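The next block holds one structure in the form of structure tokens; read it before the comments.
Please read all numbers here as calculations on a predicted model, not as lab measurements. When reading the values below, keep in mind they use all heavy atoms of this one structure, side chains included, and skip hydrogens, waters and symmetry mates.
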Amino acid sequence: MRTGVHRGRSMTLVSVALGLALPGVAQAAVTRPTVTTKAASNVAQSTAQLNGAVNPNGADTTYFFQIGTTSLYGINSPETAAGKGTKTVNVSAPVDQLAPATTYHFRIVAKNAKGLSKGKDRTFKTQRQPLGLALSPMANPITFNASTTLTGQLSGTGNGGQQVVLQYNAYPYDKGFANAGNPLVTNADGTFSFPLINQTLNTQFRVLMPQKPAVVSPIVSLGVMVGVHTKARPTRVRRGHRVRFSGTIAPAADGQQVVIQRYLHKQWVQVAKTVARHVDGASSSYRRRVKVRHGGRYRVLVNVTDGAHVSNAGRIVRVRLRH
């Protein structure tokens, strides 16, 4: 009896050590993973979190998510290890660069040495992107009576084919905004443009949607520089002799300061000044004789302080010294 018991005990230990199956002893079989696709979370305009569950079923297992705008998917998340346990674990993967207001399909996929398992297809829809308006001039400031174009874009979900209207408020900005012509319809990508012809005053502009007044662009201020016409005679003189700078300013800038400058050490330095004089309701004039001790580049700057226009300089004049 003692021997029999001893032998039976020894066989049991040997069997366990060798991994042999014994009658009445249950063992878990290694199989391919078990997976479940769970609902997506944290869904925003362009991002979301994909969720699922994986049971490795006793073998080293990796998983990934598939996602796309159809059940054909097309994009896989990076493969991630899920271990080799026998319990179900919750897993997730963040995704970005999604399109707003779009339905996406996704599922979880896991694999180990015993095979590959695919979860059921699920869907979610990203949030709509609110509409917003942006506006900018192609040139700013521009010269008096010149033209430019205001370009912009309506961004957000449903931005194509929407009506937008341009509004203006000219200096002294006391009349409020008024419509500048008829509405335009945005292109398929939400872009649009408004031509501005023969601008004469500093002006504020904005764009809005007539059917949705709450959608309004930031105000853009377009500067209009005075036009400065410059003549210089003569442009080749002996040192210490004088050059006469003269010209006209449009619109009229009677009494505004006119400065003659020379380019020196990478900046414009004042060498003389005068004031604009009356010509008529459309323009002013200036003239000033300047003693020239150094050759180089000269210009006439009109400093405007009335708020209706922006200061501006005329063309650059090259003065040379004669020997």
Worked verdict on L150 versus S193 for side chain to side chain contact (heavy atoms under 4.5 Å, CB included):
CA-CA 6 Å; L150 287 174; S193 61; over 6 Å; no
Residue pair T274, R277: steps toward the side chain to side chain contact (heavy atoms under 4.5 Å, CB included) verdict:
CA-CA 9 Å; T274 184; R277 293 176 172 81; 3.5 Å; yes
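- Scanning all heavy atoms of the two residues, the minimum distance from Q162 to G158 falls at NE2-O, 3.0 Å.
- V35 and K118 make their closest contact through CG2-C, 3.7 Å (heavy atoms, listed as atom of the first residue, atom of the second, distance).
- D280 contributes a side-chain N or O that, together with a main-chain N or O of S283, makes up a donor-acceptor pair within less than 3.5 Å.
- When atom types are taken as modelled, the side chain of T191 and the backbone of D189 share no donor-acceptor pair closer than 3.5 angstrom.
- Here the side chains of L135 and F192 are in contact, with some heavy-atom distance below 4.5 Å.
- For residues 253-272, the ring pair (Phe, Tyr, Trp, His ring centres under 6.0 Å) pairs, not counting sequence neighbours, are Y263-W268.
- Under the 3.5 Å distance criterion, with hydrogens and angles disregarded, a donor-acceptor pair is assigned to the side chains of S284 and D254.
- Between V290 and A272 the shortest heavy-atom distance is CG2-CB, 3.8 Å.
- One N or O on the side chain of S217 and one on the backbone of V207 form a donor-acceptor pair closer than 3.5 Å.
- A distance of 4.5 Å separates CZ in R206 from CD in Q167, rounded to the nearest 0.5 Å.
- Taking all atoms of both residues into account, the shortest heavy-atom contact from A53 to V91 is N-CG2, 4.3 Å.
- The closest side-chain donor-acceptor pair between N51 and Q49 falls under 3.5 angstrom.
- Around the CD atom of Q97, the shell of radius 6.0 Å holds no more than 12 heavy atoms that belong to other residues, nucleotides or ligands.
- When the shell of 6.0 Å around CZ of R293 is examined, it contains 12 or fewer heavy atoms from other residues, nucleotides or ligands.
- The distance from atom CZ of F205 to atom CG of N169, rounded to the nearest 0.5 Å, is 10.0 Å.
- Two residues are said to be in side-chain contact when any heavy atoms from C-beta on lie closer than 4.5 Å; P137 and V220 meet this criterion.
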Show me the donor-acceptor pairs, under 3.5 Å and distance only, between side chains in residues 56-63 and residues at least two apart or in other chains.
from : atom 1 : to   : atom 2 : distance (Å)
N57  : ND2    : T31  : OG1    : 3.3
N57  : ND2    : R32  : O      : 2.8
N57  : ND2    : T34  : OG1    : 3.0
T61  : OG1    : A59  : O      : 2.8
T61  : OG1    : N112 : ND2    : 3.4
T62  : OG1    : E79  : OE1    : 3.1

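- Judged by distance alone, the side chain of T149 and the main-chain N or O of P195 form no donor-acceptor pair under 3.5 Å.
- Y168 places none of its side-chain heavy atoms less than 4.5 Å from the side chain of L196.
- When hydrophobic clusters are built by joining Ile, Leu, Val, Met, Phe, Trp and Tyr residues whose side-chain heavy atoms come closer than 4.5 Å, directly or via intermediates, V54 is grouped together with I67.
- A heavy-atom distance below 4.5 Å is found between the side chains of N90 and K38.
- We find the CD-NZ distance between Q127 and K125 to be 11.5 Å, quoted to the nearest 0.5 Å.
- Judged as a ring pair (Phe, Tyr, Trp, His ring centres under 6.0 Å), the pairs with a partner in residues 81-117 (not counting sequence neighbours) are, in order, Y104-F124, F106-F124.
- In this structure, T126 contributes its side chain and A101 its backbone to a donor-acceptor pair below 3.5 Å.
- Side-chain contact check for T37 versus D121: every heavy-atom pair is 4.5 Å or farther apart.
- In this structure, R107 fails the cation-pi test against F65, since its NZ or CZ atom is not both closer than 6.0 Å to the six-membered ring centre and inside 45 degrees of the ring normal.
- Here the side chains of Y173 and Q204 are in contact, with some heavy-atom distance below 4.5 Å.
- One finds the OG atom of S147 at 12.5 Å from the CE atom of M138 (value rounded to the nearest 0.5 Å).
- For the pair I108/T36, no side-chain contact is recorded, criterion being any heavy-atom separation below 4.5 Å from C-beta on.
- Summarising the geometry, atom OG belonging to S285 is positioned 7.5 Å from atom CD1 belonging to I249; distances are rounded to the nearest 0.5 Å.
- Atom CG in L50 sits 7.0 Å away from atom OG in S77 (nearest 0.5 Å).
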Return all side-chain donor-acceptor pairs below 3.5 angstrom for residues 296-318, not counting sequence neighbours, or 'none' if the list is empty.
from : atom 1 : to   : atom 2 : distance (Å)
Y298 : OH     : H294 : O      : 2.6
R299 : NE     : Q261 : OE1    : 2.7
R299 : NH2    : Q261 : OE1    : 3.0
N303 : ND2    : Q257 : OE1    : 3.1
T305 : OG1    : Q256 : OE1    : 3.3
D306 : OD1    : A308 : N      : 3.0
H309 : NE2    : T200 : O      : 2.7
S311 : OG     : V304 : N      : 2.9
N312 : ND2    : V226 : O      : 2.8
R315 : NE     : T230 : O      : 3.2

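- Checked by atom type and distance alone, the side chain of N55 pairs as donor or acceptor with a backbone atom of T86 at under 3.5 Å.
- Two different hydrophobic clusters hold V216 and I219 under the rule that ILVMFWY side chains link at heavy-atom gaps under 4.5 Å.
- By the 4.5 Å heavy-atom criterion applied to side chains, Q199 and L201 are not counted as neighbours.
- A 6.0 Å sphere centred on CG of D174 holds more than 12 heavy atoms belonging to other residues, nucleotides or ligands.
- Listed for the T235 side chain is no donor-acceptor partner under 3.5 Å among the backbone atoms of V319.
- A donor and an acceptor atom, one from each side chain of S155 and N159, are nowhere located under 3.5 Å apart.
- At least one donor-acceptor pair under 3.5 Å links the side chain of R288 to the backbone N or O of K273.
- Shown here for A232 and V243, the closest heavy-atom pair between the two residues is CB-CG1, 4.1 Å.
- With sequence neighbours excluded, no residue forms a ring-ring contact (aromatic ring centres under 6.0 Å, His included) with F64.
- Note on L222: it does not cluster hydrophobically with L208, by side-chain heavy-atom contacts below 4.5 Å among ILVMFWY residues.
- Hydrophobic clustering, with ILVMFWY side chains joined whenever heavy atoms are under 4.5 angstrom apart, groups I142 together with F194.
- Hydrophobic clustering places L154 together with L166 (ILVMFWY residues linked when any side-chain heavy atoms are closer than 4.5 Å, directly or through intermediates).
- The two residues A39 and R122 have their closest heavy-atom pair at N-NH1, 3.3 Å.
- For K212, the side-chain contact (heavy atoms from CB on, under 4.5 Å) criterion is met by L131, M209, V215, not counting sequence neighbours.
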